[in-house]
Amino acid sequence: MKNQITKMKKPLIIILFLHAHKLFAQSDTIIVHKDPRVDSLIQKQIQINDISTRESRRTTAGFRIQVISSSDRNKVFSTKARIYQQYPELKAYIIYRASHYTLKVGNFKTQEEAQPYFDKISRLYTTGVYIIHDMIEAKQE
């Protein structure tokens, strides 16, 4: 009986080996069945990426003129109003950090571009006026 089981195992092992060889054989043809909804999902992801990265594409490194930095809110806002009256083409930005207000103006790509405005503004405000590196609004082309 034991001998018969051993004899049966050999052909069974050979059959399993040959069948396994067929399972692992490589084929040159691959067929992919794509769900048509995948294309609409890709388009939706492109829209989401565009919206989420739009803000980062709007800014670039550049220069602004820091006009005043003070803890007196009213002083900073009145300075902003005066700057708007005298230089309406300059966009003003008030940044508030821990009870301190800073007024920055302009979106200049180069320091040389900011210099003429700096010269004029520094005549009005004799202290605390600087040309500083900042992230500026990039003009959309």
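All values derive from a computational prediction rather than experimental measurement.
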Do [X] and [Y] belong together in a cluster built from hydrophobic side chains that touch within less than 4.5 Å?
X: V105; Y: Y125; value: yes
X: I68; Y: I94; value: yes
X: Y93; Y: Y87; value: no
X: V129; Y: L124; value: yes

For residues Q45 and I48, determine if any side-chain heavy atom of one lies less than 4.5 Å from a side-chain heavy atom of the other.
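Touching, per the 4.5 Å side-chain cut-off.
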For residues Q43 and D39, is any side-chain donor paired with an opposing acceptor at under 3.5 Å?
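Their side chains do not contain a donor-acceptor pair, so the 3.5 Å distance test is not met.
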Determine the interplanar angle of the Y101 and F77 rings, folded into 0 to 90°, and report it as parallel if under 30°, tilted if 30 to 60°, perpendicular if over 60°.
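Y101 and F77: perpendicular rings.
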Using 30° and 60° as the class boundaries, would you call the ring planes of F108 and Y117 parallel, tilted or perpendicular?
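Aromatic pair F108/Y117 classed tilted.
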Tell me whether the count of non-hydrogen atoms from other residues, nucleotides or ligands lying under 6.0 Å of OH in Y84 goes above 12.
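Result for OH/Y84: enclosed.
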Any side-chain to backbone donor/acceptor pair from [X] onto [Y]? Under 3.5 Å, distance only.
X: Y96; Y: S99; result: yes
X: D134; Y: I136; result: no
X: R64; Y: A92; result: no
X: R58; Y: E137; result: no

What's the shortest heavy-atom distance between R123 and T126, and which atoms?
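Closest approach of R123 to T126, heavy atoms only: O-CG2, 4.3 Å.
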Please name the pair of heavy atoms, one in L90 and one in G106, separated by the smallest distance, quoted to 0.1 Å.
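Of all heavy-atom pairs spanning L90 and G106, the closest is CD2-CA, 4.1 Å.
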Among H100, K104, R97, the one residue meeting side-chain hydrogen bond (donor to acceptor under 3.5 Å, both in side chains) with S69
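That would be H100.
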Nearest 0.5 angstrom please: F118 CZ to E112 CD, how far?
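The CD atom of E112 is 13.5 Å from CZ of F118, to the nearest 0.5 Å.
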